[in-house]
Peer 1: 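Below are the structure tokens for one structure; questions will follow.
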Number of protein chains: 2
Amino acid sequence: MTSTDLKKAGLKATMPRLRVFQILEENHKRHMSAEDVYKALIDSGEDVGLATVYRVLTQFEAAGLIARHHFGDGHSVFELDHGGHHDHILCVKCGRVDEFIDETIEQRQREIARNAGYEMTDHALYIYGICNSCRNK
Amino acid sequence: MTSTDLKKAGLKATMPRLRVFQILEENHKRHMSAEDVYKALIDSGEDVGLATVYRVLTQFEAAGLIARHHFGDGHSVFELDHGGHHDHILCVKCGRVDEFIDETIEQRQREIARNAGYEMTDHALYIYGICNSCRNK
DNA sequence: ATCAAAATGAGAATCTTTTTCATCTGAGTT
DNA sequence: AACTCAGATGAAAAAGATTCTCATTTTGAT
């Protein structure tokens, strides 16, 4: 992420924006909430407001730089939009999140949307379960 | 829904519980939020508190009488658990909701969970799109 | 009818997210 | 490097959804 990238998205290259992006890069394996990002920023000595974090995350989402997910526990989590679309499988015990992509399902979804008379714009699939290590406890 | 049904679920047969269930039955084609149910109750002349509606809906969900969904707009909606599991396709313009069930997808989900080492407990699939009538406007 | 346990209503509290607004900053322009 | 101003920011207030607290009421078994 460079100032140039931000300008392409119609956003000024400000310090909070650069830093929010850095935090997401450093944590690219996790799914972070706005609060998580905010805390990471504060811990790193940055002086940002929570409202700015929310604003920046929403702008990044609109610009297609990051993806927002609703895992069902009431708040949004974000991740860098590396590697395009994928779905999630979550452990209801420990909160672990794995990702997957299944072409059969993608295909069927498009057919279902078409049959129902919809022009599909997006979709979200969450599988909830108990992961291996939680099952062996 | 009878008093006996409630007792089977380990819940006392109280007036708010019976009435919440009735409201959901009367609106079985819609997906209602807690607020929707509350307003319907008030409009019907019932004297209930919003907190009670939330409590009762949560209890009904735990008892398997109703299903809770998160359509991504920040609040939960509920529907009677008639006819078992199904997934949803939503219009992002008008909010219309259609339901579907696809055995191919159900099947693949079970396989994906197994391959990822998860014991699947639940899943949610939302397709977002623009419905026929919104497209022709 | 009696009584303990469970349930309720009202309002306070909590949590996440958005809005308001006065101040500050980025990035073209002199 | 100084000038300018639209856009961006932080702090605090506000909003929206949901949960909690607690005094009071109701249920269901006796």
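These values consider heavy atoms only, across backbone and side chains, with no hydrogens, waters or symmetry-generated copies.
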Peer 1: Would you indicate which nucleotide in D:dT18, C:dT17, C:dA7 comes nearest to any side-chain atom of A:H75?
Peer 2: C:dT17
Peer 1: For B:A51 and for B:R17, locate the closest nucleotide of DNA chain C by heavy-atom distance; then report the residue assigned to the nucleotide nearer the 5' terminus.
Peer 2: B:R17
Peer 1: When the nearest nucleotide of DNA chain C is assigned to A:R55 and to A:L50 on a heavy-atom basis, which residue is associated with the more 5' position?
Peer 2: A:L50
Peer 1: Atom CD1 of B:I42 to atom C1' of C:dA10: distance rounded to whole Å?
Peer 2: 12 Å
Peer 1: Give a yes or no on whether B:L18 and B:Y54 share a hydrophobic cluster (residues Ile, Leu, Val, Met, Phe, Trp, Tyr; joining criterion: side-chain heavy atoms under 4.5 Å apart).
Peer 2: yes
Peer 1: State, to 0.1 Å, how close A:P16 and A:T52 come at their nearest heavy-atom pair, and which atoms those are.
Peer 2: CB-CG2, 3.9 Å
Peer 1: To the nearest Å, how far apart are A:M32 CE and C:dT17 P?
Peer 2: 14 Å
Peer 1: B:L18 has an atom CG; how far is it from atom C1' of D:dT26, in whole Å?
Peer 2: 14 Å
Peer 1: Side-chain heavy atoms under 4.5 angstrom apart, residues restricted to Ile, Leu, Val, Met, Phe, Trp, Tyr: same cluster for A:L11 and A:V48?
Peer 2: yes
Peer 1: Quick check on DNA chain D: between B:T58 and A:V48, whose nearest nucleotide comes earlier from the 5' end?
Peer 2: A:V48
Peer 1: Are A:E25 and A:H82 close enough that a side-chain donor and a side-chain acceptor fall under 3.5 Å?
Peer 2: no
Peer 1: Nearest of C:dA10, D:dA6, C:dA7 to any side-chain atom of B:K12?
Peer 2: C:dA7
Peer 1: Expressed as a whole number of angstroms, how long is the span from B:M15:CE to C:dT8:P?
Peer 2: 9 Å
Peer 1: Which nucleotide, D:dT9, D:dT19, C:dA7, lies nearest any side-chain atom of A:T52?
Peer 2: D:dT9
Peer 1: Let me know the distance between CD of A:Q59 and P of C:dT19, rounded to the nearest Å.
Peer 2: 13 Å
Peer 1: Can you tell me if the side-chain N/O atoms of B:T14 get under 4.0 Å from OP1 or OP2 in C:dA6?
Peer 2: no
Peer 1: Passes salt bridge (charged side-chain N to carboxylate O under 4.0 Å, His left out), B:R96 versus B:D98? Steps please.
Peer 2: CA-CA 7 Å; B:R96 172 177 169 173; B:D98 286 298; 2.8 Å; yes
Peer 1: Can you see if the side chain of A:S76 gets near the phosphate of C:dT17 - specifically, an N or O under 4.0 Å from OP1 or OP2?
Peer 2: yes
Peer 1: Provide, to the nearest angstrom, the distance between the CG atom belonging to B:L11 and the P atom belonging to C:dA7.
Peer 2: 7 Å
Peer 1: What is the distance from CG of A:D47 to C1' of C:dT23, rounded to the nearest Å?
Peer 2: 13 Å
Peer 1: Whole Å only: how far is the CD atom of B:E35 from the C1' atom of D:dA15?
Peer 2: 13 Å
Peer 1: Would you indicate which nucleotide in C:dA10, C:dT16, D:dT19 comes nearest to any side-chain atom of A:Y54?
Peer 2: C:dT16
